[in-house]
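In what follows, chains are A, B, ... by sequence order, proteins preceding strands, each numbered from 1.
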Protein chains: 2
Amino acid sequence: MAVSMSPKQKVYQGILQEIRELIDRHNLKPGDKIPSERELSGKLQAGRSSIREALRAMELLGLIETRHGEGTFLSNYQPYQTVEILASFILQENSTKRDLVLAKQIIEKEITKLAYQQLTPTNFKELQSILEENKHNPKERHVAYFRYILNHTDNLLLAKIWYLMEDFSSTVNNLYYDDYFYQALQTLLYENRYGQIERLFMNTSYKETE
Amino acid sequence: MAVSMSPKQKVYQGILQEIRELIDRHNLKPGDKIPSERELSGKLQAGRSSIREALRAMELLGLIETRHGEGTFLSNYQPYQTVEILASFILQENSTKRDLVLAKQIIEKEITKLAYQQLTPTNFKELQSILEENKHNPKERHVAYFRYILNHTDNLLLAKIWYLMEDFSSTVNNLYYDDYFYQALQTLLYENRYGQIERLFMNTSYKETE
DNA sequence: CCATATCGGTGGTCAGACCACTTTGCTATT
DNA sequence: AATAGCAAAGTGGTCTGACCACCGATATGG
């Protein structure tokens, strides 16, 4: 293989690097097609099996999506099937879970504060609908509520991070806030009491089913 | 391949499943050796390349460790390697500079608030030293200061995320706060005015060199 | 007894061969 | 001319076999 690499680095790791740069160079976005395995094999001067080792790893992470007979495409991080397998390995440590839950809560708090300035009365009503439609399913309610918030946050990076965290955490626990929290938050948003959002989040812990 | 699998599931995904069960059955712990690639290939009735696709994916995630000439071993798992891989793609692919900067600032604010409760007077003095030692180099000062804070935050996940963001953002610009900010923050920490940390961050923007 | 050469097992990589699937475009029939 | 049907090309999915480089244990020679 001719992929430039630090001493002892394995070929597939170099491939990974190379693919990242390729994505960057061509400014590829989710949904775009990346070169075929055989083409990459030729371009990067590496065996097809090495290419595949890199691609499979990326696929496991949900970074790409492969369609038999069509090609390989950049993914937009849908909940991927393998997340379960991953999580079963990853989230064994309690400290990891704790870190994740805390980080996720922080993100939720901050995106709420970011979205705050952009929410209109209409948005407010839609949020209320979301709460009512899902009142029977706390977990779904939680996801729907914050997904809506996220769409008004105007920060794609934070959105991606939150989706990922949500994906992982949802495979182990069902985390959500209790009814009171959402109503209190709605009230704060409605009544323009920005300063109290912080406090509300910090004084609330997740509930958990299962 | 004879690995039992749901319709259309790929072989390597079945292998993943199989390996996890194997680990479970034999109660393997970190450091233990797992069967060789050729042995797995025979036992699971799959080609060695498929076995490798599964193992490489696991390796990339940090689940296993491979020693050339010796074998493959369960890793003393560092779950956060996964975060790095994911983040390295997410950060690069589609985050505008603006998103990244904002997210980074949020993380810095929140880790400071987390660390707040753990900081002792000694820590406080050390932070002051850091500021003085780097007074000539704003960028280095920024990194050193928050690295220290991070070490007292007790949330490895947030730490990883911050390091990555710092890494990526530093390739684009040199961001730091102005002198006043750090002194003000020091004062707040010292005088136990937790509630004002939030405001200080939100009223301060990054400076930028280059 | 020790230093060393050898050998078997292991991961690392490649090349080539099929297969299954999708798309495309040509062909032959209507 | 329009269309139904099929063939070909391109792609991912998988397996096999072949080397290489590396490690550890064992046999060998001093």
Margin query: Just checking A:Tyr145 against A:Tyr177, ring centres under 6.0 Å apart?
Written below: no

Item checked: Rounded distance in Å - CD (B:Glu53) to P (D:dG13) -> 8 Å

Notebook entry, point to check: Does B:Arg48 have a side-chain nitrogen or oxygen under 4.0 Å from the phosphate oxygens OP1 or OP2 of D:dC15?
Noted result: no

Note to self: From CG of A:Leu40 over to P of C:dC14, roughly how many Å is that when rounded to an integer?
What the structure shows: 13 Å

Check: Does NZ belonging to A:Lys135 count more than 12 external heavy atoms closer than 6.0 Å?
Finding: no

Checklist line | Atom pair distance, as rounded to whole Å: CZ in A:Phe73 and C1' in D:dG12 | finding: 11 Å

Check: Between D:dG13 atom P and B:Tyr12 atom OH, what is the distance in whole Å?
Finding: 8 Å

Next item on the list: Kindly point out which of C:dG12, C:dC14, D:dT14 is positioned nearest to the side chain of A:Ala46?
Entry: C:dC14

Next item on the list: Test A:Lys113 against B:Glu198 for salt bridge (charged side-chain N to carboxylate O under 4.0 Å, His left out), laying out the working first.
Entry: CA-CA 12 Å; A:Lys113 284 155 65 180; B:Glu198 177 87 13; 2.2 Å; yes

Notebook entry, point to check: Which whole-number value in Å describes the distance from A:Ile15 CD1 to C:dG12 P?
Noted result: 14 Å

Next item on the list: Kindly say whether, by distance alone, the side chain of A:Arg67 makes a donor-acceptor pair under 3.5 Å with the base of D:dG12?
Entry: no

Note to self: Once rounded to the nearest 0.5 Å, what's the spacing between atom OG1 of B:Thr72 and atom CD of B:Glu39?
What the structure shows: 11.0 Å

Check: 5'-most contact on DNA chain C: B:Ser49 or B:Lys33, nearest heavy atom basis?
Finding: B:Lys33

Item checked: Residue B:Glu37, side-chain heavy atoms: nucleotide from C:dG11, D:dG12, C:dC14 that is nearest -> C:dG11

Check: If only side-chain N and O atoms of A:Arg56 are considered, is one of them under 4.0 Å from the OP1 or OP2 phosphate oxygen of D:dG12?
Finding: no

Got a list of protein N/O to nucleotides 5-7 of chain C N/O distances below 3.5 Å?
none

Note to self: Quick check: do A:Thr204 and A:Tyr180 have side-chain heavy atoms less than 4.5 Å from each other?
What the structure shows: no

Next item on the list: Take atom CG of A:Leu55 and atom P of D:dT14, then tell me their distance rounded to the nearest Å.
Entry: 13 Å

Next item on the list: Can you see which heavy atom on B:Ala103 is nearest to which on B:Met165, and at what distance?
Entry: CB-CE, 3.7 Å

Notebook entry, point to check: Of all the nucleotides listed (C:dT13, D:dG13, D:dC15), which has the minimum atom distance to the side chain of A:Arg38?
Noted result: D:dG13

Notebook entry, point to check: Considering only C:dG12, C:dC14, D:dG13, which nucleotide approaches the side chain of B:Arg52 most closely?
Noted result: C:dG12

Next item on the list: Respond yes when some side-chain nitrogen or oxygen of A:Ser50 is under 4.0 Å from OP1 or OP2 of C:dG12, and no when none is.
Entry: no

Checklist line | Rounded distance in Å - CD (B:Gln45) to P (D:dT14) | finding: 15 Å

Margin query: Quick check on C:dC14: is either OP1 or OP2 less than 4.0 Å from any side-chain nitrogen or oxygen of A:Ser41?
Written below: no

Notebook entry, point to check: Below 4.0 angstrom from OP1 or OP2 of C:dG11, is there any side-chain N or O of B:Thr72?
Noted result: yes

Margin query: Could you tell me how far apart B:Lys10 (NZ) and D:dC15 (P) are, to the nearest whole angstrom?
Written below: 14 Å

Next item on the list: Using a 4.0 Å heavy-atom cut-off across all strands, classify A:Thr66 as base, sugar-phosphate, or nothing.
Entry: sugar-phosphate

Next item on the list: Check the angle between the aromatic planes of A:Phe146 and A:Trp162 and answer parallel, tilted or perpendicular using the 30° and 60° thresholds.
Entry: tilted

Polar atom pairs (N or O), protein with nucleotides 20-22 of chain C, under 3.5 Å:
{"from": "C:dA20", "atom 1": "N3", "to": "A:His68", "atom 2": "NE2", "distance (Å)": "2.8"}
{"from": "C:dC21", "atom 1": "OP1", "to": "B:Lys8", "atom 2": "NZ", "distance (Å)": "3.1"}

Notebook entry, point to check: Is the backbone of A:Ala46 close enough, under 3.5 Å, to the side chain of A:Ser50 for a donor and an acceptor to pair up by distance?
Noted result: no

Check: Do the non-hydrogen side-chain atoms of B:Lys10 and B:Glu53 ever get within less than 4.5 Å of each other?
Finding: no

Next item on the list: Have a look at B:Ser36 and say if it touches a base, only the backbone sugar-phosphate, or nothing, with a 4.0 Å heavy-atom cut-off.
Entry: sugar-phosphate

Check: B:Leu102: what forms a side-chain contact (heavy atoms from CB on, under 4.5 Å) with it, not counting sequence neighbours?
Finding: A:Leu114, A:Asn155, B:Ile106

Margin query: Salt bridge check, A:Glu65 against A:Arg67: does any charged N sit closer than 4.0 Å to a carboxylate O?
Written below: yes

